[in-house]
Student: 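My questions all concern the structure below.
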There are 2 protein chains.
Amino acid sequence: MPVNPAPRAYQIVLQAIEEDLRTEKLSVGDQLPGERALAEQHGISRASVRDAIRILDVMGIIKTSTGSGPNSGAVIVSNPSAGISQALRLHLAAKGINVREIVESRILLETWAAQMNPRDPIHAQQVIDRTAVLIMRMDDAQLSREAFHRIDAEFHVLLASMAGNAVVESMMESLRNSISDYVAASIPDDESWQPIVRVLRRQHKAIHHAFATNQRERAAQLLEEHINWFYSQTR
Amino acid sequence: MPVNPAPRAYQIVLQAIEEDLRTEKLSVGDQLPGERALAEQHGISRASVRDAIRILDVMGIIKTSTGSGPNSGAVIVSNPSAGISQALRLHLAAKGINVREIVESRILLETWAAQMNPRDPIHAQQVIDRTAVLIMRMDDAQLSREAFHRIDAEFHVLLASMAGNAVVESMMESLRNSISDYVAASIPDDESWQPIVRVLRRQHKAIHHAFATNQRERAAQLLEEHINWFYSQTR
DNA sequence: CGCATAGTATGGTCAGACCACACCTGAAAG
DNA sequence: CTTTCAGGTGTGGTCTGACCATACTATGCG
């Protein structure tokens, strides 16, 4: 019973591209050769090339679009959270992970990022300024729930970016994305949403104030309470 | 310039399967319908179905194999670290993230897991017993470097599993996987490896002892020193 | 009953075709 | 000269239909 190593054809292309990325023969902004060209180069069919392209796509390594010209085809981007989000989302659906674990992880990452000494003080100050703008935008009473959640997510990811760790930042964003549907579905009516959003606004302002006055530990504590409180409302 | 909503055909199948997973119409161990059947059900071609299957595959949701019978075709598994590992690995190659960030994240997760109150004390005790066995196996002087690294990885992931958080555990494993090639390449010769492995054995034993005697904070501190020291050797 | 054989369904791969789209070129219009 | 627009070209997206190796299943022979 010889267990086949099962060498998939698409891995030829995948490994070649990964190697080109590693050696910087390819980097962000570059265009990949066309699918037909890759197929001929590696002596495999276009269908197998497409398998590799699809993987790079869902992993957030490339962005594909039709048409011709410099901005068409497969272009290298760098969106680490795309692949992680998709993975978490699917495993959440498959019951491999649950909401408690995601919330717990989010608290871990966000409080860590809050207490971290910023790698780049200039960036940290920019974050504080930009989050202030987001807070103002979230004060708009006309804002739809979808828009609020979008800005809310940006607020949290921005704060986490202060730590200067792309892995943590991507995970944060991914954790947020993976349960966004769950959150939206668990607060169905607008009547129950209105009192919640008022509390969220207050909490955001308190968190921002703690950051602005450099009270990192307090900011972390407020973040933890904020996240825990919000998810306690989604039942 | 109307930005295309770009409705990809494979998303039809992907969303249908995700929904079936969410409602538990599909769960671990089940077989997916054949690709030809799915194509007909959703009115799309088999090629597009295969796109969705490929995504589920690389994300660690399913495992595919040829042949017929109950154990063939696409079977639901649950391997959250597969997709995350792949994503991290590719973005590491694409320079979207770097080794420092991965090591930093690993320390964050492992020290958190070490200090966490175990969700399941019985499992925690089993982990302590099993890690003891792993430590003994790593004492074998005949062990190849690859085998040592494999057991080493198992040791760390096991300890992290005590916290009872699948997200943290998967991320741990993924972080470890994503840089395993880097680690292997950065210590090329066996002469420099020998003194390193002796230190690693000592550190593992100290960490295990701290866990066994319930000195969680000390365990976390030793883990941090252990990880930092090891990566300081890989230059 | 035991076992070899043919049958069947699976995913993996390939080839070739057509489509919609975005850009590029160059001729026609101003 | 510039502007406009019509066609040409290359891209990924999709479909069809075919063949392969594999692994199980059923058949029928001994």
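The chains referred to below are lettered A, B, ... by the order of the sequence lines, with proteins before strands, and numbering in each begins at 1.
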Student: Got a donor-acceptor pair under 3.5 Å from the side chain of B:Arg46 to the base of D:dG17?
Tutor: no
Student: Nearest whole angstrom, please: distance from the C1' of D:dC19 to the CZ of B:Arg36.
Tutor: 11 Å
Student: How is A:Gly69 classified with respect to the nucleic acid when contacts are heavy atoms under 4.0 Å: base, sugar-phosphate, or nothing?
Tutor: sugar-phosphate
Student: Just to confirm, is there a sub-4.0 Å distance from OP1 or OP2 of C:dC14 to any side-chain nitrogen or oxygen of A:Ser48?
Tutor: yes
Student: Give the rounded distance in Å between these two atoms: CD1 of A:Ile53 and C1' of D:dG13.
Tutor: 13 Å
Student: Between B:His149 and B:Trp193, what is the ring plane arrangement, given parallel below 30°, perpendicular above 60°, and tilted in between?
Tutor: tilted
Student: What is the distance from CD of A:Glu35 to C1' of C:dT13, rounded to the nearest Å?
Tutor: 16 Å
Student: With respect to the side chain of A:Ser45, which nucleotide from C:dA22, C:dC14, D:dC15 is positioned closest?
Tutor: C:dC14
Student: Does atom CD of A:Gln41 have more than 12 heavy-atom neighbours, drawn from other residues, nucleotides or ligands, at distances under 6.0 Å?
Tutor: yes
Student: Whole-Å distance between C:dG11 C1' and B:Ile55 CD1?
Tutor: 17 Å
Student: Tell me: CG of A:Asp51 to P of C:dC14, nearest whole Å?
Tutor: 10 Å
Student: Looking at D:dG13, C:dA9, C:dC23, which one has an atom nearest to any side-chain atom of A:Ser68?
Tutor: C:dC23
Student: Which nucleotide in the list D:dT11, C:dT10, C:dA15 gets nearest to the side chain of A:Thr66?
Tutor: D:dT11
Student: According to the salt bridge (Lys or Arg N to Asp or Glu O under 4.0 Å) rule, which pairs have a member within residues 129-138 of chain A, sequence neighbours left out?
Tutor: none
Student: Other residues, nucleotides and ligands only: do more than 12 of their heavy atoms fall within 6.0 Å of NZ on B:Lys95?
Tutor: yes
Student: In whole Å, what is the span from the CD atom of A:Glu40 to the P atom of C:dC14?
Tutor: 14 Å
Student: Starting from the 5' end of DNA chain C, give me the residue, B:Ala74 or A:Ser72, whose nearest nucleotide shows up first.
Tutor: B:Ala74
Student: Can you tell me how far P of C:dA9 sits from CD of B:Gln31, to the nearest Å?
Tutor: 14 Å
Student: Starting from P on D:dG13, measure out to CZ on B:Arg50 and report it in whole angstrom.
Tutor: 17 Å
Student: Do we see a donor-acceptor contact under 3.5 Å between the side chains of A:Ser174 and A:Ser85?
Tutor: yes
Student: B:Ala9 has a side chain; which of C:dA9, D:dT14, C:dC23 sits nearest to it?
Tutor: D:dT14
